[in-house]
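To find a chain, count down the sequence lines: A is the first, B the second, and so on, and within it residues start at 1.
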Amino acid sequence: MSRDNLQLDSNGKLRHFLTTEGLSRQHLTEILDVAESFATVGGKSVKKVPLLRGKTIINLFFETSTRTRTTFELAATRLSADVQSINIATSATSKGESLLDMLHNLEAMHCDMFVVRHADSGAAHFIARHVAPHVSVINAGDGRHAHPTQAMLDMFTIRRHKGDFSAIKVAIVGDVLHSRVARSEIHALNTLGVGELRIIGPKTLIPSTFSKLGAHIFHDMAKGLEGVDVVIMLRLQKERMKGALLPSESEYFARYGLTEEKLALARPDAIVMHPGPINRGVEIASSVADGPQSVILEQVSNGLAVRMAVMSMTLGRQTETADGQEG
Amino acid sequence: MSQHAIADVETLLGEMTQQLQAHLKAHQINDPVMIGIHTGGVWVAEQLHQRLGITQPLGSLDISFYRDDFSRIGMNPEVKPSNLPFDVEDRTIILVDDVLQSGRTIRAALNEIFDYGRPARVVLAVLLEREGHELPIRADIAGTHINLAADEQVKLTGPDNMSLSIQKQS
């Protein structure tokens, strides 16, 4: 089975959510539409819906990420699922148990979904290929490859502010080379028909292959930001930045850090986004991160709604139509 | 599939308005709020809301997240956000739907409403109540009651010039 088809069941519905690549505009739009309804759940006095009552979701975090893990846990509990997070660094795989043995043990406990975060590209796909037919897998970030729920919460945030994708220019700025978020965003933006996609950053951090994805590449930030509607800043992945890709953080900030002066080159109603956690004074100035055009905290709230949508769509994908009358 | 029109919706709305006014008066309810259930229930509620002169804005519920058949039919991709633009705590709610049959939609709607707060009372008003109850839920107000065969379905079209028709699976 090809990698693209792995995500879909025989009816073309989302079975796993591993990457934004290879999904249709209809799939992505459906995720955004369903998420729109979940966005109101946080406003109720009981912040829960009973949709996934009785389902068991396991967060498998081979790479630590407090924020992402927390939003997946919250999304699961707001759907009334039972959720258990396993930090693999402290689990049996460090005692030599193989990954597949561990998966089969968890399946034997009647789990319905694995949310997987892993430092290696392709880890979630590997797991999705080996799970039982009723189990769904969601990729919560694998290596440099994909982080599809982050990309979709960004699409959700953009759509809420800008509406029609075809009418807007979006700039992704920074360390694209190491960014799974950027890869997932680029595929999603292309599929959703973005008007223009720009990638801004130093030559050493932009793979040359990205121009083939329909993006316009800029190494001069001022030129790249001119007239854009959305600025997506990427985190400078310091922990992955060993060697000579960059001269220094301060020089990086001078050339590619988002300041108020640089932001003034974008459209006056442009929004500023960042997947977090932000490095203040490295890729973004505090005055911009906390400024009126920043939607960074909104992205976090939207992340819950989008993850609830993806979880409920993958776990409730049966397509027989409701029999008979509503009522 | 055959199809034929039944009762005139305008007449049923007039009937419901009268019944509601009498019901509110009899129970000394002065300041009710109204909630319609997507989609047909919202159309009916918009009409009743206007006719009863309710001052609070109309609320709407999409009960997709509260259905009891999610594990059988999956996520409804057409789900709309619920919107209750008022505090339900201690209020009397007039809950409006187009057709009451099994009662399952109303069960789901009640569960959703109670996740917003604890209303003082919920009054159920439907355009049409038919046979086939599967839960102990009955309408307080109904435009009409009819008996239909199991293979007959009632469909409300709208929101402009609403009409009710019966579709028979043949």
Contact origin within A:L52 toward chain B - heavy atom pairs under 4.5 Å | side chain

Heavy atoms from other residues, nucleotides or ligands near CD of B:Q21 exceed 12 (cutoff 6.0 Å) = yes

Applying a strict 4.5 Å limit to non-hydrogen atoms, the region of A:E36 in contact with chain B is both

Heavy-atom closest pair, residues A:M308 and A:F38 | CE-CD2, 3.5 Å

Can you tell me if CD on B:E134 sees more than 12 non-hydrogen neighbours from other groups inside 6.0 Å?
-> yes

Relative to chain B, which segment of A:K47 carries a heavy atom at a distance below 4.5 Å: side chain, backbone, both, or neither?
-> neither

Please examine the side chains of B:Q101 and B:V154, heavy atoms only from C-beta on, and report whether any two atoms are closer than 4.5 Å.
-> no

Can the positive tip of A:R307 be found less than 6.0 Å from the middle of the six-membered ring of A:F72, inside 45° of the ring normal?
-> yes

Tabulate, in ascending numerical order, the residues of residues 77-95 of chain B having at least one heavy atom closer than 4.5 Å to a heavy atom of chain A, or enter 'none'.
-> B:P77, B:V79, B:K80, B:P81, B:S82

Could I get the full list of salt bridge (Lys or Arg N to Asp or Glu O under 4.0 Å) partners for A:D112, not counting sequence neighbours?
-> none

Heavy-atom pair count under 4.5 Å with chain B, highest-scoring of A:T314, A:L51, A:I31 | A:L51

Any side-chain donor near an acceptor of the partner, A:H27 and A:Q7, under 3.5 Å = no

Is B:E10 salt-bridged to B:R51, going by a charged N under 4.0 Å from an acidic O?
-> yes

